[in-house]
There are 2 protein chains.
Amino acid sequence: MKPGTLDIKKVEKVAFILKAIGNPLRIGIIDALRVNDELSVNDISRRLQAEQSLVSHNLLNMKLKGILESRREGKNIYYRLKLKEVLKVIECMENCNLEDF
Amino acid sequence: MKPGTLDIKKVEKVAFILKAIGNPLRIGIIDALRVNDELSVNDISRRLQAEQSLVSHNLLNMKLKGILESRREGKNIYYRLKLKEVLKVIECMENCNLEDF
DNA sequence: GTTATATATGAATAAATGTTTATATATTCA
DNA sequence: TGAATATATAAACATTTATTCATATATAAC
């Protein structure tokens, strides 16, 4: 029985990130940020038809975890992807056949 | 503002799968099943130093969700990956720099 | 200054998840 | 048959997560 190839630290980190993005709203946010480099809270809120507060909570959550970053411009705060690798994760799921799920 | 490229159904499915595997023990299991085609509950339990019951719960959980499948051979039940795409997800995280996490 | 708009924050709470413990079931072997 | 081993199940529980609501803060425009 061969060992896995990931050490414990790496397993923890991978799980941490996957858990951090494994939510419909957050996947929606990341998907939107894939096509648009930057989006304001309101942009996302309108686009995904989700409450401002809920979107804000989730954005801050992902920012706190190092997945997103943000900058202020006037009244708006624009979020963008920081951990670009999550795109690869989503892209590789996008291509596969998910009929059964 | 361009739309994202995933429809709602797909967003839900991707989130469903990422959430289903986004846990240290489950990533450990998948990592082990990446290197070993099949493993029994006990194999995994020993390898990851986790309780039989906890491992069983998690294996059944992922089986129920279509990520794993299993077969019985005598007293043992061998689990293996069904949704191979999850390997790609883990592999693409494996390569990226996760120093900050 | 006041008002309007955008975002953040915090409390409250429901719902989901992770974990342990004890027990049940299935299979093998003596 | 009974004992031993492997796995599943189910209850109980603590912890975490998702969501809403109300309110606070920051900036801009007047």
Side-chain angles (χ1 to χ4, degrees), chain A residues 1 8 11-30 32-33 36 38-80 82 101, chain B residues 1 8 11-30 32-33 36 38-80 82 101:
Chain A
M1 181 174 60
I8 292 187
V11 165
E12 297 274 357
K13 288 174 180 181
V14 170
F16 177 80
I17 293 167
L18 294 184
K19 183 179 212 164
I21 67 176
N23 167 280
L25 179 55
R26 292 197 293 273
I27 293 291
I29 290 172
I30 292 169
L33 288 174
N36 306 274
E38 287 191 326
L39 290 172
S40 73
V41 180
N42 248 328
D43 289 340
I44 294 169
S45 193
R46 264 183 282 110
R47 179 169 158 42
L48 301 180
Q49 309 204 64
E51 297 235 344
Q52 177 271 319
S53 174
L54 180 57
V55 170
S56 183
H57 272 302
N58 278 279
L59 288 169
L60 288 165
N61 183 289
M62 288 193 281
K63 181 183 176 183
L64 185 69
K65 290 174 179 162
I67 294 162
L68 304 181
E69 54 192 355
S70 65
R71 71 180 176 87
R72 176 180 284 277
E73 184 180 304
K75 279 179 296 186
N76 300 308
I77 293 188
Y78 291 93
Y79 282 86
R80 60 180 174 280
K82 184 177 184 187
F101 291 87
Chain B
M1 180 175 60
I8 291 185
V11 164
E12 298 274 358
K13 288 173 180 180
V14 170
F16 177 80
I17 292 166
L18 294 183
K19 182 179 214 165
I21 66 177
N23 167 280
L25 179 56
R26 292 197 294 273
I27 293 291
I29 290 172
I30 292 169
L33 289 173
N36 308 273
E38 287 192 326
L39 290 172
S40 73
V41 180
N42 248 328
D43 289 339
I44 293 169
S45 192
R46 264 184 281 112
R47 177 166 161 44
L48 302 181
Q49 309 204 62
E51 297 236 343
Q52 177 271 321
S53 174
L54 181 56
V55 170
S56 182
H57 272 303
N58 278 280
L59 288 169
L60 288 165
N61 183 290
M62 287 193 281
K63 181 184 176 184
L64 185 69
K65 289 174 179 162
I67 293 162
L68 304 182
E69 53 193 355
S70 66
R71 71 179 176 88
R72 176 181 284 274
E73 185 179 308
K75 279 179 295 188
N76 300 309
I77 293 188
Y78 291 93
Y79 282 86
R80 60 180 174 280
K82 184 176 184 189
F101 291 88

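Scope of the values below: all heavy atoms of this structure, side chains included, with no hydrogens, waters or symmetry mates. Naming: A, B, ... by sequence-line order, numbering from 1 per chain.
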Exercise. Counting only non-hydrogen atoms, which of residues 58-78 of chain B are less than 4.0 Å from DNA chain C?
Worked result: B:Arg72, B:Gly74, B:Lys75
For this session: Using atom types as modelled and distance alone, determine if a side-chain donor or acceptor of B:Asn61 lies under 3.5 Å from a backbone N or O of B:His57.
Result: no
Exercise. What distance do A:Leu25 atom CG and A:Leu54 atom CG have between them, rounded to the nearest 0.5 Å?
Worked result: 5.0 Å
Problem set entry | Spacing between B:Arg26 atom CZ and C:dG18 atom C1', to the nearest angstrom | 8 Å
Exercise. Can you check the A:Glu51 CD to D:dT23 C1' distance for me, whole Å?
Worked result: 14 Å
Problem set entry | Polar side-chain contact B:Ser53-D:dT9 base: donor and acceptor under 3.5 Å | yes
Exercise. In whole angstrom, what separates B:Leu25's CG from C:dT17's C1'?
Worked result: 13 Å
Exercise. Hey, what do you get for OH (B:Tyr79) to CG (B:Leu60), rounding to the nearest 0.5 Å?
Worked result: 4.0 Å
Exercise. Can you tell me how far C1' of D:dT16 sits from CG of B:Asn23, to the nearest Å?
Worked result: 12 Å
Exercise. So, does A:Arg72 use its side chain to make a donor-acceptor pair with the main chain of A:Gly74 at under 3.5 Å?
Worked result: yes
For this session: Respond yes when some side-chain nitrogen or oxygen of A:Ser56 is under 4.0 Å from OP1 or OP2 of C:dA8, and no when none is.
Result: yes
Seminar exercise, completed: From NE2 of B:His57 across to C1' of C:dA24 the rounded distance in Å is 13 Å
For this session: Output yes when a side-chain donor or acceptor of B:Asn36 lies under 3.5 Å from a complementary backbone atom of B:Leu39, and no otherwise.
Result: no
Seminar exercise, completed: Value for CD1 (A:Ile29) from CD1 (A:Ile21), rounded to nearest 0.5 Å, stands at 11.5 Å
Seminar exercise, completed: From CD1 of A:Ile29 across to P of D:dA18 the rounded distance in Å is 11 Å
Exercise. How many Å lie between CG on A:Asn42 and P on C:dT7, as a whole number?
Worked result: 5 Å
Exercise. So which nucleotide from D:dC21, C:dT7, C:dT19 ends up closest to the side chain of A:Val41?
Worked result: C:dT7
Problem set entry | A:Gln52 (side chain) and C:dA6 (base): donor-acceptor pair under 3.5 Å | no
For this session: Please state whether the phosphate of D:dT7, meaning OP1 or OP2, lies under 4.0 angstrom from any side-chain nitrogen or oxygen of B:Ser40.
Result: yes
For this session: Measure the distance from CG on A:Leu54 to P on C:dA8 and round it to the nearest whole Å.
Result: 13 Å
For this session: Verify the contact: side-chain N or O of B:Tyr79 to OP1 or OP2 of D:dA6, cut-off strictly under 4.0 Å; return yes or no.
Result: no
Exercise. Between the side chain of B:Ser45 and the main-chain N/O of B:Ala50, is any donor-acceptor distance below 3.5 Å?
Worked result: yes
